[in-house]
Amino acid sequence: MSGAHRLGAARELNQPYGGTLVNLLVDPGRAAELKAASRDLASLDLSPRQLADLEMLATGVLSPLTSFMGQADYEAVCAGMRLADGRLWPVPVTLDVSLKFAESIAPGRPIALRDAEGTLMAVLTVAEIWQPDRGAEAQCLYGTRSFTHAAANQLLNAGGEACVTGKLEVVELPLHHDFGPLRRTPAEVRAQLARRGATRVVGYHPRHLMHRAHVEFTKRTAYLHDAVLLIQAAIGRRGLNDADHFSRVRALRAALDHYSAQVAQLNLLELSPRHSGARSALWHAILHKNFGCSHFIVEHDYDDQGEGATGDPLYGRYHALDSVTWHAQEIGIEVVPFRNLVLEEDQPEKLLSPRGASRRMKGRIRETSHEQHAEVAHWFSYPTVLEEWRKTLRHGFTLFFTGLSGAGKSTLAQVLYARLKEQEARPVTLLDGDIVRKNISSELGFSREHRDMNVLRQGYMASLITRHGGIAICAPIAPYANTRAQVRAMVEEDGDFIEIYVATPLTTCETRDRKGLYARARAGLIKQFTGVSDPYETPVNPEIVVDTSLQSAGEAADKILAYLTAQGYLGRGSTMEAETHKIKHEPITLWTSDAGSLPQTLSSGDGASSPGAGKRLYK
Ligand SMILES: Nc1ncnc2c1ncn2[C@@H]1O[C@H](COP(=O)(O)OS(=O)(=O)O)[C@@H](OP(=O)(O)O)[C@H]1O
Ligand SMILES: Nc1ncnc2c1ncn2[C@@H]1O[C@H](COP(=O)(O)OP(=O)(O)O)[C@@H](O)[C@H]1O
């Protein structure tokens with residue numbers, strides 16, 4: 001395609017970005033020295049995200065970076081997608097710490113970086129302590145500072161206020177007990193590819209799962225470029241709203257069965273997704289070059305997490321493709337645009353558009369009926385892939401009610417609890433506000449600090465329930481927007497967060513005065529009473545708003561259940577029809593090569609149910 005960089009007939013694997021593959025692991029002698037010295041050092045326990053970044057830095061996946069970024073690189077990357085020395089680099093890689101920790105360290109002093117169990121992973125000799133501008137970063141990366149954008153919210157609320165950088169010496173890599181043989185470093189993958197005599201390698205970074213369209217397209221791409229296919233799945237601190245990586249990897253392994261072993265290999269990357277559209281695509285192109293890839297496939301709507309309130313894509317459909325194409329020569333990789341595939345047959349609406357299809361799939365797989373899975377499997381995916389994926393249906397979420405005292409939060413939470421228990425196999429847990437206060441927040445009062453601690457504790461419990469596939473229902477007043485955003489960020493690490501603003505007006509709550517608290521507050525007998533003598537910050541963008549002065553408890557519960565069903569959290573109600581309609585009328589790029597000239601063996605692994613075998617893919 002025009003503007004794409006062509007590498008020509010390579011005799012060896014593509015060079016790492018910047019020319020040298022970085023390796024930050026020190027030799028055993030130095031490791032022993034650092035371990036001995038670390039006993040007296042200030043210690044930082046790394047979050048899963050930071051640990052993943054450390055691993056990527058250590059093994060050269062992020063070459064040419066040799067440490068977490070300093071302020072100059074950070075600002076240059078945010079503003080112009082370049083390091084301070086001018087090299088293209090699209091996303092920040094920073095080590096954030098609390099202000100308290102930042103104040104306890106000083107330039108020139110080493111600090112110990114440890115995992116959650118306290119094992120020494122690395123020693124960082126501090127060169128610079130600085131403060132990031134997370135608002136500006138969110139604006140540059142996502143084009144929004146809105147809390148409704150989950151990645152922006154994570155950035156704004158889940159990180160420390162300061163950053164630190166310096167010389168990084170890695171003592172050992174994090175231990176992974178899962179999928180060991182599939183987790184290879186760039187050096188190991190390069191050695192494998194070299195042993196196979198591969199010089200042309202197509203990199204593919206599946207956004208989610210791989211269904212027929214993905215397998216067919218990548219297979220054909222490898223064939224047309226006479227290349228090996230390297231499928232690299234990012235499984236670091238996992239994607240927002242993603243299922244657990246175990247199911248995803250099992251489903252990817254099932255898809256791999258549809259290639260011959262000579263054509264494709266799967267590798268797992270402990271990479272934390274950034275969800276920043278074109279920047280992510282550029283970043284992944286660079287990372288794949290570090291693994292030796294000569295080509296990189298760019299899908300539509302690349303790593304676009306969408307706009308929180310509507311779910312619509314944030315960036316242009318071809319933004320990522322244009323951006324990677326524009327920079328391909330500078331990176332030193334050839335771009336392969338993902339093309340949509342169309343299934344010939346008597347049902348032309350059955351387009352295999354990867355995004356449309358996977359969105360449709362999302363709606364589908366949350367449905368409970370077995371037959372519907374079977375119907376989808378026939379034309380869209382492979383039974384084995386769907387079977388693995390189906391095991392993840394137990395997706396957890398948190399319903400978080402917020403509103404004034406007497407607004408109806410507890411009443412609605414109880415109705416929802418009962419209605420969900422009637423229809424759900426998943427465990428449903430009601431974290432009743434009073435019980436939480438009595439059992440885990442009994443020492444707390446109603447100052448801002450204490451309310452925040454109380455709400456965050458409740459949020460933490462909800463995040464654990466959500467992580468394990470359960471449904472948590474919380475109903476605190478939670479008067480502060482920032483604290484609610486922190487709880488959202490915590491829960492969205494593991495599942496979905498649905499904020500329900502119970503917007504019953506103060507006058508109604510006060511008239512109800514179920515516990516006589518308003519009267520006492522008005523009489524000055526209770527200090528800092530929410531709505532009377534203490535603030536309540538109205539939610540700006542909750543998923544649902546109900547007002548129990550206008551709706552009965554049953555009506556409000558119906559509205560919430562309707563939302564959960566329409567969004568695919570419960571039972572039926574996927575937007576299948578709407579999606580089909582949308583796909584039909586979207587301008588699409590069809591597969592334009594002559595499918596007839598492709599060898600039949602490309603689809604040989606698919607058996608009779610393959611579109612290639614039974615239904616011919618056409619242009
Ligand atoms: N000062 C003051 N302000 C607000 N509420 C007060 C206060 N003192 C006691 N109560 C009672 O405590 C309940 C609110 O507790 P929460 O844990 O939900 O509050 S918070 O989220 O920590 O702000 C709240 O219960 P609900 O009426 O169920 O909301 C009140 O009954
Ligand atoms: N439509 C309604 N929805 C919920 N509660 C209602 C409604 N109409 C009246 N109420 C009454 O309002 C009170 C709300 O109290 P509660 O649910 O404990 O609120 P909160 O937990 O927000 O303090 C209850 O006494 C409830 O019976």
Side-chain angles (χ1 to χ4, degrees), residues 47-49 96 98 116 134 146-161 237-238 240-241 308 395-405 407 409-410 412-414 416-417 420 426-502 530 534-544 560 564 569:
S47 69
R49 237 168 246 278
D96 59 296
S98 66
R134 295 298 190 199
S146 166
F147 288 171
T148 64
H149 185 272
N153 184 38
Q154 289 279 340
L155 189 62
L156 295 165
N157 288 296
E161 302 89 338
R237 195 61 196 166
R238 67 183 164 67
L240 302 151
N241 304 330
H395 190 81
F397 61 88
T398 290
L399 295 181
F400 189 92
F401 291 88
T402 169
L404 297 172
S405 172
K409 303 181 300 294
S410 311
L412 291 181
Q414 282 158 19
L416 254 298
Y417 174 78
L420 286 172
R426 279 172 288 192
V428 188
T429 309
L430 177 58
L431 293 169
D432 181 275
D434 293 337
I435 292 178
V436 170
R437 275 208 169 253
K438 197 164 133 202
N439 289 296
I440 58 168
S441 293
S442 57
E443 84 284 20
L444 302 181
F446 290 88
S447 65
R448 175 168 190 153
E449 194 192 357
H450 279 194
R451 286 181 197 262
D452 283 351
M453 284 163 73
N454 174 44
V455 173
L456 287 174
R457 286 175 191 178
Q458 205 168 135
Y460 177 67
M461 291 203 296
S463 75
L464 291 181
I465 292 164
T466 304
R467 178 184 307 169
H468 297 294
I471 301 173
I473 307 178
C474 308
I477 293 179
Y480 298 110
N482 187 35
T483 320
R484 294 192 298 258
Q486 285 181 55
V487 173
R488 179 186 284 276
M490 212 162 21
V491 171
E492 284 184 343
E493 293 262 331
D494 302 299
D496 290 326
F497 181 84
I498 297 134
E499 185 176 24
I500 304 164
Y501 173 35
V502 187
T530 308
D534 220 41
Y536 178 80
E537 295 172 2
T538 305
V540 181
N541 220 333
E543 275 75 7
I544 307 171
I560 295 164
L564 295 177
Y569 292 109

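Values below: every heavy atom of this structure, side chains too, minus hydrogens, waters and symmetry copies.
Residues meeting the side-chain hydrogen bond (donor to acceptor under 3.5 Å, both in side chains) test with Thr483, sequence neighbours left out: Asp452. For Glu443, the salt bridge (charged side-chain N to carboxylate O under 4.0 Å, His left out) partners are Arg457, not counting sequence neighbours.
Of all the heavy atoms in Thr398 and Cys474, the pair that sits closest is CG2-SG, 4.2 Å. Contact detail for Asn482 and Glu537: the closest heavy-atom pair is N-OE1, 4.4 Å. Minimum heavy-atom separation, Thr402 to Pro539: CG2-CG, 4.0 Å. Closest heavy-atom contact between Gly459 and Val491: O-CG2, 4.0 Å. Across all non-hydrogen atoms, the minimal contact from Arg437 to Leu444 is NH1-O, 3.3 Å. The two residues Pro476 and Val455 come nearest to each other via the heavy atoms CB-CG2, 4.4 Å.
Ring-plane geometry between Tyr501 and Tyr536 is classed as parallel, the angle between the planes falling under 30 degrees on a 0 to 90 degree scale with a further cut at 60.
Side-chain contact between Ile500 and Leu412 is absent, with no heavy-atom pair separated by less than 4.5 Å. Contact of the Tyr569 side chain with the Leu399 side chain is not registered, since no non-hydrogen atoms from C-beta on lie closer than 4.5 Å.
No donor-acceptor pair closer than 3.5 Å links the side chain of Glu499 to the backbone N or O of Phe400. Of the possible polar contacts, none joining the Lys409 side chain to the Ala475 backbone as a donor-acceptor pair under 3.5 Å is found. Arg467 places no side-chain N or O within donor-acceptor distance of the main-chain N or O of Gly396, the cut-off being under 3.5 Å. A donor-acceptor distance shorter than 3.5 angstrom exists from the side chain of Arg484 to the backbone of Ala478, with no hydrogens or angles considered. Judged by distance alone, the side chain of Arg451 and the main-chain N or O of Phe446 form a donor-acceptor pair under 3.5 Å.
Under a cutoff of 6.0 Å and an axis angle of 45°, Arg448 and Tyr480 form a cation-pi pair.
Residue Ile473 forms a side chain to side chain contact (heavy atoms under 4.5 Å, CB included) with just one option from Leu431, Thr429, Leu420, and that option is Leu420.
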